[in-house]
Amino acid sequence: MPDTPGIDPTVPPSGVGCADCDAAGGWWFHLRRCATCGHIGCCDSSPAQHADAHARASGHDVIRSFEPGEDWFWNYRTQSYVDGQELAPPANHPVTQPAPGPADRVPADWQRHLH
């Protein structure tokens, strides 16, 4: 598969949870990985939508799902799925990590907070 612009397959993920939610004491629904720098952010359904905010602030348009069993890439600029190569491991957050998460910060009425 040819290289896709905006994807650096050598950069590992920044962690196992949304870096911005962790810093603010927040929670996420699903996780997305910046394919350029490895920043882990929360999805567009999450309350804070940090993956999209990271793309807008950094110009890093391409993300990959960081959910177990998902391997799709998305380009925020073109609003379309794109092909991408294998990224540096790990490919997803630990399967033991719940979604939404982290468990100790998710409110009981979490569904009401989704976009």
Side-chain angles (χ1 to χ4, degrees):
M1 174 180 301
D3 290 347
T4 302
I7 296 178
D8 183 343
T10 67
V11 178
S14 63
V16 297
C18 175
D20 303 298
C21 284
D22 281 342
W27 62 276
W28 55 82
F29 184 47
H30 289 134
L31 297 171
R32 307 296 180 236
R33 174 182 178 174
C34 176
T36 302
C37 72
H39 181 272
I40 301 299
C42 54
C43 72
D44 288 351
S45 295
S46 296
Q49 303 173 331
H50 286 124
D52 182 29
H54 172 77
R56 283 184 277 113
S58 67
H60 299 167
D61 296 325
V62 181
I63 59 159
R64 183 183 180 276
S65 176
F66 199 56
E67 292 297 315
E70 297 181 358
D71 61 0
W72 51 264
F73 288 82
W74 178 258
N75 185 310
Y76 279 111
R77 185 179 43 77
T78 63
Q79 292 292 292
S80 62
Y81 290 100
V82 293
D83 292 330
Q85 56 268 37
E86 194 67 29
L87 300 179
N92 50 258
H93 67 75
V95 295
T96 56
Q97 182 175 305
D104 62 335
R105 296 196 310 243
V106 178
D109 64 344
W110 64 268
Q111 295 96 333
R112 287 191 40 237
H113 302 277
L114 298 180
H115 292 271

Spatial distance of atom CG (Asp61) from atom CD (Gln79) [nearest 0.5 Å]: 10.0 Å
message: Treating His50 as the side-chain partner and Cys43 as the backbone partner, does any N or O pair qualify as donor plus acceptor under 3.5 Å?
response: no
- prompt: What is the distance from atom CG of Leu31 to atom CD1 of Ile40, rounded to the nearest 0.5 Å?
  reply: 6.5 Å
message: Let me confirm one number: the CD1-OG1 distance from Ile63 to Thr36, rounded to the nearest 0.5 Å.
response: 11.0 Å
query: Does His54 have any ring pair (Phe, Tyr, Trp, His ring centres under 6.0 Å) partners at least two apart in sequence or in another chain, and if so, which?
result: His39, His60
query: Can you list every side-chain hydrogen bond (donor to acceptor under 3.5 Å, both in side chains) pair that touches residues 23-35, not counting sequence neighbours?
result: Arg32-Ser65
Pair up each side-chain donor or acceptor in residues 87-101 with any protein partner under 3.5 Å, not counting sequence neighbours, and list the distances.
{"residue": "His93", "atom": "NE2", "partner": "Glu67", "partner atom": "OE1", "Å": "3.0"}
{"residue": "His93", "atom": "NE2", "partner": "Glu67", "partner atom": "OE2", "Å": "3.4"}
{"residue": "Gln97", "atom": "NE2", "partner": "Val16", "partner atom": "O", "Å": "2.9"}

message: Among residues at least two apart in sequence or on other chains, which ones pass side-chain contact (heavy atoms from CB on, under 4.5 Å) with Thr10?
response: Asp8
query: Partners of Ala55 by side-chain contact (heavy atoms from CB on, under 4.5 Å), sequence neighbours excluded?
result: Tyr76
query: Is there a donor-acceptor pair closer than 3.5 Å between any side-chain N or O of Asp109 and the backbone N or O of Arg112?
result: no
task: Using salt bridge (charged side-chain N to carboxylate O under 4.0 Å, His left out) as the criterion, list what pairs up with Asp104, not counting sequence neighbours.
output: none
- prompt: Crowded around Glu70 CD? As in, over 12 foreign heavy atoms under 6.0 Å?
  reply: yes
- prompt: Pairs in or reaching into residues 89-102: which pass salt bridge (charged side-chain N to carboxylate O under 4.0 Å, His left out), with residues at least two apart or in two chains?
  reply: none
field: side-chain contact (heavy atoms from CB on, under 4.5 Å) involving Gln111 - partner list, sequence neighbours excluded
entry: none
- request: Could you pull out the closest heavy-atom pair between Ile7 and Pro9, with the gap in Å?
  value: O-CD, 3.5 Å
- line: Tightest non-hydrogen contact, residues Ala19 and Ser14, listed as CB-OG, 4.3 Å
field: Non-neighbouring partners of Asp22 that pass salt bridge (charged side-chain N to carboxylate O under 4.0 Å, His left out), sequence neighbours left out
entry: Arg105
- prompt: Got a sec, which residues hit side-chain contact (heavy atoms from CB on, under 4.5 Å) with Asp71, two or more places apart in sequence or on another chain?
  reply: Arg64
- prompt: In chain order, what residues pass the ring pair (Phe, Tyr, Trp, His ring centres under 6.0 Å) check against Phe29, with sequence neighbours excluded?
  reply: Trp110
- line: Shortest non-hydrogen pair, Val62 vs Phe73, comes out as CG1-CD2, 3.9 Å
- prompt: What's the spacing between Gln49 CD and Cys42 SG if we round to 0.5 Å?
  reply: 7.5 Å
